Structures are given as structure tokens and as C-alpha cells.
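Take a look at the structure set out below.
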Protein chains: 2
Amino acid sequence: MAGRQPRVGIVDVARRAGVSVGTVSKALNGRGQLRPETRDRVRAAAQELGFVPSAVAASLHSGRTYTVGLIMTDHHGRFSLPILHGAEDALGWDETLAFVCDTRDDPIREQHYVRSLARRRVDGIIVAGRRTEPRPPLAGAVTVPVVYAFARSADPADCSVVVDEEGGAALAVQHLLRTGRRRVAHVTGPHGHASVRARVNGTSRALREAGLELAGEPWYGGWSEVWGRFAAAALVREHPDVDAIFCGSDAIGRGVADGLRDSGRRVPEDIALVGVDNWLPTAEGCRPALTSVDLDLQQVGRRAGALLLAAIQRGGTEPGTHTVPCRLVVRASSAPAAG
Amino acid sequence: MAGRQPRVGIVDVARRAGVSVGTVSKALNGRGQLRPETRDRVRAAAQELGFVPSAVAASLHSGRTYTVGLIMTDHHGRFSLPILHGAEDALGWDETLAFVCDTRDDPIREQHYVRSLARRRVDGIIVAGRRTEPRPPLAGAVTVPVVYAFARSADPADCSVVVDEEGGAALAVQHLLRTGRRRVAHVTGPHGHASVRARVNGTSRALREAGLELAGEPWYGGWSEVWGRFAAAALVREHPDVDAIFCGSDAIGRGVADGLRDSGRRVPEDIALVGVDNWLPTAEGCRPALTSVDLDLQQVGRRAGALLLAAIQRGGTEPGTHTVPCRLVVRASSAPAAG
DNA sequence: TCCCTTGAGGAAAAGGTTTTCCGTCGCTAG
DNA sequence: CTAGCGACGGAAAACCTTTTCCTCAAGGGA
């Protein structure tokens, strides 16, 4: 199909409508002073000819492309796609389109993409990180506004939007306490991870505020179900009186749920569970369905998009790290204790 | 940052290097006849000035934007992201950038995106479907080549790349037979789904070729773990002698695995399991890890990208449906029966 | 009656490259 | 000595809109 017909341009429309090209532009964009009848005639001509104005030419003139780059580092898109959706919402999805660039964790590739985006004159760039470790800022002289989302830039002079992970952890723990739990343990990811640290802090803080403390040390491990299963078995052996476990991820949570069942503990009757990520396939596949802290990445994306838009319009981002709160999604795994 | 300095253009480079703009263009693009010394001088000037050529202006001239649209309909990106990766590989990720458009399953939105892409003069469009149901072709007069990936277009005159689902099912069954299984059952998704049908067909064919037949009817249900668990329990009751189950998805497979364990059957000792999708979080989280048919979507994307590229260069796609084979990824759930 | 104002639409510049077509210079060969 | 050629690089058109003046005509007020 589409046998390379020579594109119909604004001049063709002008000829057909019997007006000048300037008039066509005005008619189609609702600018200038035109008789309604002329406007209609032009619109009709454009319609009949199937005229599609070239955003390329328009960009050349206006200097704006209504285009942004989204640099993502998680190839599965679990974090970056919600961010993209939020950003689209904020930027006006019918106005601004996004180039999605998956760096595949290769700095060289990332550099390439940044250059590519610069050449294409994107209006701005959103960098969507993976886990919330601060990341090195984009290399090279970037001449457009950049907003880092989810993973903040290591340079505090950059503009970043992050999740309030500590607050999210507190939310989880407070919920567990409200359901009557008192002996809360914490099974989480690798020691040293920024988000692991934040969650430990939030957990401790919430417990302290309630006059309690963590049951044992946090259990550091991986992000996997296997680790969750293993940790659950060990945990009930070491702390048989635990009645709630806050898990650093849904995968861990699901592993813990299985591990507890294997150890003869019932969830939530004996032990309540809360995870993090609210990742539906895992949280809802869990037995029982897993209460989870939703990082609200879409909101992160919206915020990032709004900041980027402001930066584009004003020219230049204002530095600073913006924090978005988490939400708790309650499911069966944290139903109040029977007793 | 980026205090809206007036962009350095090719004329600035020309002035600095003491040559004309045409010469700068030639020097930077390695075209024309230039003294090496001139070339170097220009390159140096460009470097010093931090000149970044505008792809917008270049596109305006050449008519190509080195840009494609990727229309996706699965917001989680489980299918479309691998396709995007493959497409990038084929299109040259350092040449061509992709606008990613998530329709959120809204035809209006899709239309909007198509128009948006047309205005931006993308060189082509890839439509990445969800499950492999044929989908209605893009609405409106699309003037650039379109390739449908994963879900074929309902219009056979379009160009589509799909997975050989039937072959994939056969692969799974043949593998089960090779490990010594003889009584194979099939638990799958909703009756009527194109991919469900294809997998049933592939299953029957492979069994027939081995002189066997399916143990009972296929178990139609949903794509969820819950369905898998339920089906497993019912299945062992109704067909106690089954020694292998081919599951229509990894989620189902995982549910089946759990259901079997609950029913006191061991996987793989008593019953071997194979799933479809090779979706790591599910397949590897499964106990035991689930052997799975990998749809090789990246390959689908590569193929689609290659076809699109050819169409762009020649102007117009050649119609037809292209099929990409699946791969089997063997894990613990299908180890040979002990006996 | 004449000037001014307002409404409608045209002409042309601008935006940043690429590319084609020429011109010039320095040589070489006849 | 001159025609001709090769090497190098400049001038300008082309790509497609948008936007800023401008012009022209008609109508209104003094």
C-alpha cells in the first residue's frame, strides 16, 4: 500500500481552496482573522486532500518538538511503564509523544541515546531508574531539561522525583499494628540497598512510635521468592512468636507466604503479611492475596511530567528532590487476627 | 541549568572554521570532496562549539525521520517490550528511535496516536498486539508502512508477524513424550481464544503423531493461577493416571503446580509440567521451576523491524503473515520420570 | 468628502540542514 | 601557450510551516 504518492502539502490545500498558504495555516490552527466561510473552505479542502500537516516543519519553526525522551533501565518495564503513563498524563498524551530508550544497563548505550535525543531536539528527558539507588547523572552536556524519576540523580542539583519509601514502610507497619499485631518482623532485600535501608528505617520508626520494636534483626537477603521461603522457615524457628511480617517486596512476600504454609503457620490467622510493589501478578497470585505497599509510580510519572513541562516552558529545571507518598492496598494476607 | 542559550547552528560552525555551511555539512557527514585538513578543521570547530546537528532540519530535507511508532495495547509491556527490543535491534537502535504509544485499549486513543505519528512523519509503525487474537487494522488512511507483531491484522492484505503457537505446543508435548510421559492432559485459557485453539491443535497433533491422544478433553478456563489450582485438583480426581500436564500459560502452570502439591502429587516425579510464555517471575518462582515454551517475542520484534525497514526502503509493505518459531526452555518441572 | 479604522487575506522571511550545480585554482598534456 | 581536467569549496535552492508585517477594501465618523 501507500505507493509513495508525493505528499500533499499546505500549498496544495491553498491552491485547492483558492487562498494563500499563510491563510491555510491560520485557518487550520485557528489563528488570525478569517471569515468563517474561508475557514470552512480551507478545512474542507484539507479534508478532501487528506492533508496531514508536518510536525517536523512546524518544529523547525517553533523550536519545540512536543516530544520527550524516556530513558529506562529496567527492560521489563515494571517500573518505567507506569512512570511513562503518568508522564503522558501530565504532558498531555495527545500533544507530546515519548521516545522510549532502553539502555539495557549499558552506559555506552545510554550515551548514544542521549545524543540521539539531543539531535532530535526533544523538549526534555525523563530518566526512569530501577530500584531507588541514586544514579549517576546523564553524561555529556545535556541542553534540555532532565527529570529523574524513581531513582534520584546522585547530583542534588538535578531534579528528581522519588517515592517515599520510608513512609510506605511506616504505612505497612501501622496497618499491621492496627490489625492487632504486636510482634513484627522484617524480611527484605540486599543489605546496603538504598530502598532496603529506607524501608528498615520506616519500619523501625513506626514501631518506635507505637512503643514497640522490631522482632529480631531485619532479615537481609535477595529480592526473590526463594529467599522469602527460606527466610520464613528460619524466622518461625528463631522467633516462634512473631505475628506479622513486613516483606521488602511482593516476591519476597509471596515466598514468605509459601514458606509459612510449609511450616504449618496460617496466613493471616497466625501471621499477617504485607509486601511492597503491589505488583498484581505476584500480589494477587499469592495465597492468600497479599496486602502490599503501592509505590504509586504512575503518580511519580505524573509529577515528573509536570515538573518537566514546567521546566520546558520556563527553560531549565529547578533543582531538588520531590517525594511522592505510597498507598497501601489491603488484601487478605493482613486480615485482623482472629483472637 | 541550560540557560536557554541560542542554539549553535551549522552557520556558527561554518564561521568558526572559515568555510561555508555546505562544506560543514559535507565535512560532518563525510560526503563530498574535502581536503582532510579542512575536514578536521570543521570537526574541531564543531567540537569546540558543542554543535549538535538538528535531525529535525535534516528530516525536513530528506523526508525521513529515522523514527518509528510502536503502538502497544498491553500496558504492562510484557509482550510489547520484548517486541520493541527486537525491533530496535533490526532497525538499528543507534539510528532509529521509537515513539511508544500505549493505547490503553481505547480505539479513540489509538486513532489519536496514529494521527499523531502521521503528523510527526514517522517512517513506519509497528503494532504490537496482546494475546494473539487477530486485531482490526489501524483505522484511517495510514500513509506509512505498518507491520503487525504478535497479533496479526484481521486484514490478510496487511503485513503481520506472529508466533507459531501450534508449533510451540507441539514442542512442549514432544518434550514431555521424550521424558517418558504418556498420559498428557491440557489445562488452558478461555475457550474460543485464537491462541488457546492453536495450542490445543498443536497438542493434539503432537500426540497423534506419537500414536497417542489427549487424556480427556482440554480444560478451558482463565489465564490465572487460581484457575490452574482449581483445574489441577479436579483433574487428578477425574484422571488419576495422568503423568504430564501441558499448561496454556505459566500462570496456569504455576497454579497447577501448587494445586498438585496440595493434592499430594509430586512434580515432576508423578506429573511433569510445561507452561507457556517463559515469563521469568512466574516460571522461576514456580515450585519446581517451570519448563516453559518461550514465544521468542524478541525474535518477533526483530522480524517485524526487518520487514518494516524493507518496507520503508522500498516504499510499501508486502502483505502476508510471517511466522516465528517458539523455543522450549527446560526446567525442573519436566525432569524425566523417576521410573 | 476625506480620513481613519477594522476586517480579511496575501507576501515573504525565517528556521537549520542537505544537496546540486558551479566556479576557481593549480596543473598537466598537447 | 592553452585547453582541459581534477580537486576543493562556495552559492543557493529545496524541504514545509508559521508568523509577521502589509495591503486593500469597505464602512463609519467628522
Side-chain angles (χ1 to χ4, degrees), chain A residues 4-43 45-46 49-67 115-116 118-123 143-144, chain B residues 4-43 45-46 49-67 116 118-123 143:
Chain A
R4 200 47 84 238
Q5 323 110 0
R7 278 239 168 243
V8 14
I10 203 173
V11 298
D12 303 301
V13 179
R15 189 164 24 235
R16 172 129 186 174
V19 295
S20 73
V21 293
T23 304
V24 173
S25 173
K26 288 170 201 156
L28 263 26
N29 297 312
R31 238 153 284 188
Q33 319 238 50
L34 269 55
R35 225 177 320 161
E37 181 245 317
T38 310
R39 226 177 263 284
D40 291 346
R41 194 152 36 92
V42 171
R43 276 205 248 267
L49 262 38
F51 170 64
V52 180
S54 163
V56 179
S59 296
L60 187 57
H61 188 269
S62 70
R64 276 196 62 179
T65 54
Y66 293 92
T67 277
R115 269 202 290 270
S116 230
R119 273 209 312 278
R120 285 179 170 82
R121 297 290 189 263
V122 292
D123 294 334
T143 57
V144 295
Chain B
R4 202 45 85 235
Q5 323 108 2
R7 278 237 168 247
V8 14
I10 203 174
V11 298
D12 304 301
V13 179
R15 190 165 23 236
R16 170 126 185 177
V19 295
S20 74
V21 294
T23 304
V24 173
S25 174
K26 288 171 201 157
L28 262 26
N29 298 311
R31 238 153 284 188
Q33 318 237 53
L34 270 54
R35 225 176 319 161
E37 181 244 316
T38 310
R39 227 176 263 283
D40 292 346
R41 193 152 37 92
V42 172
R43 277 206 248 268
L49 262 39
F51 170 64
V52 180
S54 162
V56 179
S59 296
L60 187 58
H61 188 267
S62 69
R64 275 198 62 180
T65 54
Y66 293 92
T67 276
S116 230
R119 273 211 311 280
R120 285 180 170 81
R121 297 290 190 262
V122 293
D123 295 334
T143 56

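Letters go in sequence order (proteins before strands), and every chain restarts at 1. What you see is a predicted model; the values in this text were computed from it and never measured.
No side-chain donor from either of S59(B) and R120(A) sits under 3.5 Å from a side-chain acceptor of the other.
At a cut-off of 3.5 angstrom, counting only N and O atoms as typed in the model, there is no donor on one side facing an acceptor on the other between the side-chain of H61(B) and the base of dT17(C).
Rounded to whole angstrom, the span from the OH atom of Y66(A) across to the P atom of dT18(D) amounts to 11 Å. A straight line from CZ of R119(A) to P of dT18(C) spans 11 Å, rounded to a whole angstrom. Distance CZ (R120(B)) to P (dC15(D)): 23 Å, rounded to an integer number of Å. Atom CG in L60(B) sits about 14 Å away from atom P in dA14(D), given to the nearest Å. The nearest whole Å value for the distance from the CG atom in L28(B) to the C1' atom in dG9(D) is 15 Å. One atom, CG of D12(A), and another, C1' of dC15(D), lie 14 Å apart when rounded to the nearest Å. To the nearest angstrom, P of dT19(D) lies 11 Å from CD1 of I10(A).
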Between the protein and nucleotides 6-9 of chain C, list the N/O to N/O atom pairs that are separated by less than 3.5 angstrom.
{"residue": "dA8(C)", "atom": "O3'", "partner": "R35(A)", "partner atom": "NH2", "Å": "3.3"}
{"residue": "dG9(C)", "atom": "OP1", "partner": "R35(A)", "partner atom": "NH2", "Å": "2.8"}
{"residue": "dG9(C)", "atom": "OP1", "partner": "T38(A)", "partner atom": "OG1", "Å": "2.5"}
{"residue": "dG9(C)", "atom": "OP2", "partner": "R35(A)", "partner atom": "N", "Å": "2.9"}
{"residue": "dG9(C)", "atom": "OP2", "partner": "T38(A)", "partner atom": "OG1", "Å": "3.1"}

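More than 12 non-hydrogen atoms from other residues, nucleotides or ligands lie less than 6.0 angstrom from CZ of F51(B).
Of all non-hydrogen atoms in L60(A) and A57(B), the two that sit nearest each other are CD1-CB, 3.9 Å. Taking all atoms of both residues into account, the shortest heavy-atom contact from V21(B) to I10(B) is O-CD1, 3.8 Å.
Across all strands shown, S25(B) has heavy atoms under 4.0 Å from base atoms, whether or not it also approaches the sugar-phosphate. The residue G9(B) sits close only to the backbone: its heavy atoms come under 4.0 Å of sugar-phosphate atoms, none of a base.
Close to dT18(C), at under 4.0 Å from its OP1 or OP2, lies no side-chain N or O of R31(B).
Taken from OG1 in T143(A) to CZ in R121(A), the straight-line distance is 7.0 Å, to the nearest 0.5 Å.
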Side-chain donor-acceptor pairs of residues 31-38 of chain A under 3.5 Å, sequence neighbours excluded:
{"residue": "E37(A)", "atom": "OE2", "partner": "R41(A)", "partner atom": "NE", "Å": "3.3"}

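The side chain to side chain donor-acceptor pair (under 3.5 Å) search around R64(A) returns D123(A), not counting sequence neighbours.
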